[in-house]
Amino acid sequence: MSGIGWKNPLAAMVALAALVGCGTTPETMQSDTNQITLRWFKYGNSFDDAQRVAAAHCGSFAKRQQLIDDRTDRDVEIARFACR
């Protein structure tokens with residue numbers, strides 16, 4: 001039987017490392033057609049990641065994102081974007 005599994009632990013470890021290494025997207029705390037609020041851990045994402053999520057969200061309504069506010073509390077950053 002071939003494939004990734006217990007028979008090939010090195011391949012399984014590489015696959016797991018690839019999954020863990022992939023960044024997650026910022027969490028959407030609130031959204032509607034006029035704004036989106038995103039939350040993320042600073043060690044896992046960047047402000048640029050949040051801007052991309054906000055741009056995609058606002059773009060789905062043929063609008064552009066504009067930062068309203070951005071605050072940091074220890075490891076967590078929260079940003080609110082308007083869709084205009």
Side-chain angles (χ1 to χ4, degrees):
M1 186 169 153
S2 64
I4 298 174
W6 293 110
K7 294 189 181 240
N8 193 343
L10 179 59
M13 287 174 50
V14 169
L16 180 60
L19 288 173
V20 170
C22 293
T24 59
T25 57
E27 174 188 357
T28 300
M29 295 179 65
Q30 185 275 332
S31 69
D32 58 38
T33 59
N34 296 313
Q35 69 177 4
I36 184 169
T37 303
L38 300 168
R39 172 185 178 267
W40 67 96
F41 292 98
K42 291 176 13 176
Y43 56 81
N45 292 107
S46 69
F47 183 77
D48 291 340
D49 296 327
Q51 283 187 305
R52 281 190 285 277
V53 171
H57 170 77
C58 294
S60 69
F61 303 107
K63 298 178 180 182
R64 299 181 79 180
Q65 89 279 6
Q66 181 179 6
L67 180 65
I68 297 172
D69 62 44
D70 179 28
R71 61 186 183 274
T72 303
D73 182 14
R74 297 183 186 173
D75 300 0
V76 177
E77 192 164 354
I78 298 172
R80 190 167 46 123
F81 296 87
C83 298
R84 298 194 172 140

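Heavy-atom basis, side chains included; hydrogens, waters and symmetry copies ignored.
Here the side chains of W40 and D49 are not in contact, with every heavy-atom distance at 4.5 Å or above. The shortest distance between side-chain heavy atoms of L38 and I78 does not fall below 4.5 Å.
A distance of 7.5 Å separates CD in Q51 from CG in L67, rounded to the nearest 0.5 Å. Taken to the nearest 0.5 Å, the CZ atom of R80 stands 11.5 Å off from the CD atom of Q66. To the nearest 0.5 Å, atom OG1 of residue T37 and atom CE of residue M29 are 7.0 Å apart. Atoms CZ and OG1, from R39 and T28 in turn, are 12.0 Å apart once rounded to the nearest 0.5 Å.
The backbone N or O of V76 sits nowhere less than 3.5 Å from a side-chain atom of D73 that would complete a donor-acceptor pair. Judged by distance alone, the side chain of K63 and the main-chain N or O of T33 form a donor-acceptor pair under 3.5 Å. A side-chain donor-acceptor contact under 3.5 Å links N45 to the backbone of T24. Under a 3.5 Å cut-off, the side chain of H57 and the backbone N or O of D32 do form a donor-acceptor pair.
Summarising the geometry of A82 relative to C58, their closest heavy-atom pair is O-SG, 3.9 Å, with the distance given to 0.1 Å.
Both the sub-6.0 Å distance and the 45° axial angle are not jointly satisfied by R84 relative to the ring of F81.
Ion pairing between E77 and K42 fails under the 4.0 Å rule for side-chain N and carboxylate O.
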